[in-house]
Amino acid sequence: MIRPKTSAEIELLKEPCRIVRDCLNLLGEQIRAGMTTKEVDEIVYGYFRANGAEPSCLGYYGYPASACVSVNETVVHGIPDGRVIKEGDIVSVDIVAFKNGFHGDAARTYLIGEVSEEKKKLVRVTEECFFQAIDGLKAGVPLYDIGYRVQRHAEGNGFSVVRAYTGHGIGREMHEDPSVPNFGKRGTGVRLPAGTVLCIEPMIAAGTHRVKVLEDGWTAVTADGKPAAHYENTVLITEDGAEPLTL
Ligand code: MF3
Ligand code: CO
């Protein structure tokens with residue numbers, strides 16, 4: 001069941017959202033070839049702690065890090081380790097901060113140096129999918145219009161929509177109702193009430209949409225080894241629009 005937030009709750013949850021936003025902007029300046037994915041995680045942990053936030057992912061069902069750092073064919077939930085980021089990689093970083101009793105969640109995919117035209121287009125289209133999804137989104141819009149718009153834009157550009165993972169509601173819990181698929185039939189699903197807070201997060205693959213999870217139980221890679229990108233913001237639905245809180 002969707003539980004819309006009160007205006008007092010919204011004020012509280014804006015802070016973890018701002019921390020996530022600022023941390024991702026900082027990473028945009030700092031991430032570069034030669035850095036390990038573990039070093040990216042350390043920047044995130046340090047930034048959160050310096051700003052009085054807890055990393056929500058750390059210890060979540062045993063997840064061993066603060067950030068998910070997913071390189072190239074890794075779609076989501078890449079566990080930071082000694083892997084060295086290289087020129088030509090695309091690296092998605094997905095982070096969730098907990099502060100004031102609420103979570104804020106966002107992800108970006110960074111281009112490392114000169115990357116192929118295909119990867120560049122994949123990252124651009126994945127971001128565009130998010131903006132297509134929130135264009136015209138407001139209270140009263142049916143839930144699955146979000147996925148319909150993401151899917152139309154991704155497939156219209158020759159890419160595929162990962163189905164094994166979805167967006168979600170967020171609040172006092174990292175994952176709340178509803179589940180927000182990145183595909184769907186226009187005009188269907190619950191009509192979103194004002195005050196709903198959603199993580200809208202297109203996960204788009206250059207080849208097949210099928211994924212497999214590695215033996216670590218987390219790392220999700222594309223079944224064909226082709227690259228995938230991820231872009232996410234926490235979004236507040238209001239009477240007259242959709243406000244990304246992590247931009
Ligand atoms: N933002 C990711 C999600 O919504 C983060 C998950 S944290 C992890 O699923 F612990 F599951 F990795
Ligand atoms: Co996320």
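One-based numbering, in listed order, for ligands and for the atoms of each.
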Run through the protein N/O/S atoms less than 2.8 Å from the Co ion (ligand 2) and write them out by chain and number. D94 OD1, D94 OD2, D105 OD1, E232 OE1
In terms of residue, atom name and distance, what is the protein heavy atom nearest to atom 3 (C) of ligand 1? H175 NE2, 3.3 Å
Closest non-hydrogen protein atom to atom 5 (C) of ligand 1, residue and atom name please, with distance? C57 SG, 3.7 Å
Could you check whether E118 pairs with K121 (Lys NZ or Arg NE/NH1/NH2 to Asp/Glu carboxylate O, under 4.0 Å)? no
Provide, to 0.1 Å, the distance between atom 11 (F) of ligand 1 and the closest protein heavy atom, together with that atom's residue and name. W218 CZ3, 3.3 Å
Hey, is the main chain of A67 close enough, under 3.5 Å, to the side chain of D41 for a donor-acceptor pair? yes
Quick test: of every protein heavy atom, which one is nearest to atom 12 (F) of ligand 1, and how far off is it to 0.1 Å? C68 SG, 3.3 Å
Let me see the working for K120 and E117 under salt bridge (Lys or Arg N to Asp or Glu O under 4.0 Å), right down to the final yes or no. CA-CA 5 Å; K120 244 187 245 174; E117 286 305 319; 3.4 Å; yes
H175 and Y60: side-chain donor and acceptor closer than 3.5 Å? yes
Considering H103, H168, H77, which one's heavy-atom position lies nearest to atom 4 (O) of ligand 1? H168
Parallel, tilted or perpendicular, as decided by the 30° and 60° cut-offs, for the rings of H77 and W218: perpendicular
Could you check whether any side-chain N or O of T219 sits under 3.5 Å from a backbone N or O of G78, counting only pairs where one atom can act as donor and the other as acceptor? no
Would you call E232 and R108 a salt bridge, using N to O less than 4.0 angstrom? no
Atom 2 (C) of ligand 1 [closest protein heavy-atom partner, distance rounded to 0.1 Å]: D94 OD2, 3.2 Å
Sub-3.5 Å donor-acceptor pair from the side chain of E127 to the main-chain atoms of R124, do we have one? no
Which ligand 1 atoms, with their elements, are less than 4.0 angstrom from a heavy-atom of D105? 1 (N), 4 (O)
With heavy atoms under 4.0 Å as the rule, classify the contact between I95 and ligand 1 as side chain, backbone, both or neither. neither
Quick one: closest heavy-atom pair of L24 and A106, and the distance? CD1-CB, 3.6 Å
Y61 and ligand 1 - part of the residue with a heavy-atom distance under 4.0 Å: neither
For ligand 1, is there an N or O atom under 3.5 Å from any N or O atom of Y60? no
Distance-only donor-acceptor check, side chains K14 and N100, under 3.5 Å: no
Side chains of N233 and T246, donor plus acceptor under 3.5 Å: yes
